[in-house]
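Read the structure below first, then the notes.
Heavy atoms only: backbone and side chains are in, while hydrogens, waters and symmetry mates are out.
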Amino acid sequence: MALTQFLYDPFTEFDRLFDEAFTSRFRPDSDESRPTTIRPKMDLVETKDNVMARFELPGMDQRDVNVEVRNDRLTISGEKKIQTDEGRFVVRERSFGRFARNLQLPEGTKPESVQAQMQKGVLEVTFPKAPPEQETKTIPIQGSKPTQSTPPIGHSKK
């Protein structure tokens, strides 16, 4: 089953790269306490019966992370707080701010069937795969039989 086919949004990575490129260039240096939006990296692992989503949340505690299921959507959200009591930043490369990631769950997923655990800054959320009746099926296209046609321009029959 190609579960990741409907869970992965190819524009998400593009949006993240675009946001990083412009916010890092135009962020005022003096506004070091302003929170930014972060996007935790995610892996999806498919087993025989389940799908596991792993999110990298380095330096975060599980009490700062929310896992919610609503209308067959899994939402992971939270905030990585900046530590400002240490003085002024000279170099700041670590990310801080709010985040939210959404995944479409198989239709009819019961919230009690979703399990989450967090260890060493990695959140693992497990949920059941879609039942066979919900899997993607390829439908053949019916039509008339192909007819003899002229070859495309630039090609000649030999």
Side-chain angles (χ1 to χ4, degrees), residues 1-140:
M1 177 189 147
L3 179 67
T4 55
Q5 183 176 11
F6 71 89
L7 291 177
Y8 179 70
D9 177 8
F11 296 104
T12 301
E13 186 68 9
F14 178 76
D15 288 343
R16 183 189 64 79
L17 291 170
F18 187 80
D19 289 344
E20 280 182 7
F22 285 101
T23 57
S24 64
R25 299 207 193 306
F26 299 114
R27 182 182 305 137
D29 293 335
S30 62
D31 192 12
E32 60 194 32
S33 63
R34 189 180 94 205
T36 59
T37 301
I38 58 176
R39 184 160 184 83
K41 295 190 182 328
M42 176 191 67
D43 291 334
L44 285 176
V45 179
E46 186 176 4
T47 65
K48 183 179 177 227
D49 300 318
N50 296 312
V51 175
M52 182 186 333
R54 287 189 184 119
F55 299 89
E56 283 186 350
L57 302 169
M60 291 193 69
D61 193 274
Q62 67 188 43
R63 68 178 169 259
D64 297 323
V65 179
N66 301 311
V67 179
E68 299 172 341
V69 175
R70 183 177 189 188
N71 296 330
D72 297 327
R73 292 196 62 80
L74 172 70
T75 301
I76 310 298
S77 62
E79 183 175 6
K80 186 174 180 183
K81 295 187 169 79
I82 192 168
Q83 301 163 340
T84 58
D85 58 342
E86 300 167 345
R88 190 176 85 75
F89 286 103
V90 177
V91 175
R92 184 175 85 175
E93 296 181 346
R94 297 185 305 148
S95 299
F96 298 93
R98 296 181 190 275
F99 67 90
R101 296 289 308 256
N102 293 297
L103 291 176
Q104 180 67 44
L105 296 174
E107 187 176 320
T109 300
K110 293 179 175 48
E112 57 271 10
S113 67
V114 178
Q115 299 175 352
Q117 66 178 17
M118 188 166 170
Q119 292 180 358
K120 297 181 180 179
V122 177
L123 173 67
E124 292 183 352
V125 181
T126 305
F127 53 91
K129 284 173 51 172
E133 62 270 10
Q134 288 184 13
E135 288 186 8
T136 303
K137 294 179 178 59
T138 302
I139 309 299

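Of the possible donor and acceptor atoms, none in the side chain of K80 sits under 3.5 Å from a partner among the backbone N and O of M60.
The closest side-chain heavy-atom distance from L44 to L103 is below 4.5 Å.
To the nearest 0.5 Å, the span separating CZ on F99 from CD on E79 amounts to 9.5 Å. For the atom pair CZ (F127) and CE (M52), the distance works out to 10.5 Å, reported to the nearest 0.5 Å.
In this view, E56 satisfies the salt bridge (charged side-chain N to carboxylate O under 4.0 Å, His left out) rule with no residue, not counting sequence neighbours. Here N50 pairs with nothing under the side-chain hydrogen bond (donor to acceptor under 3.5 Å, both in side chains) rule; sequence neighbours left out.
Other residues, nucleotides and ligands contribute only 12 or fewer heavy atoms inside 6.0 Å of the CD atom of E107.
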Donor-acceptor pairs under 3.5 Å, side chain of residues 116-125 to any protein atom, not counting sequence neighbours: which ones?
unit_1	atom_1	unit_2	atom_2	d
Q117	NE2	E124	OE1	3.4
E124	OE2	R54	NE	3.0

Would you be so kind as to tabulate the donor-acceptor pairs closer than 3.5 Å made by side chains of residues 65-75, with sequence neighbours excluded?
unit_1	atom_1	unit_2	atom_2	d
D72	OD1	G108	N	3.1
D72	OD1	T109	N	3.3
D72	OD2	G108	N	3.2
R73	NH1	Q104	OE1	3.0
T75	OG1	N102	OD1	2.6

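Shown here for F96 and K81, the closest heavy-atom pair between the two residues is CD2-O, 3.2 Å. The two residues P128 and P106 come nearest to each other via the heavy atoms O-CG, 3.5 Å.
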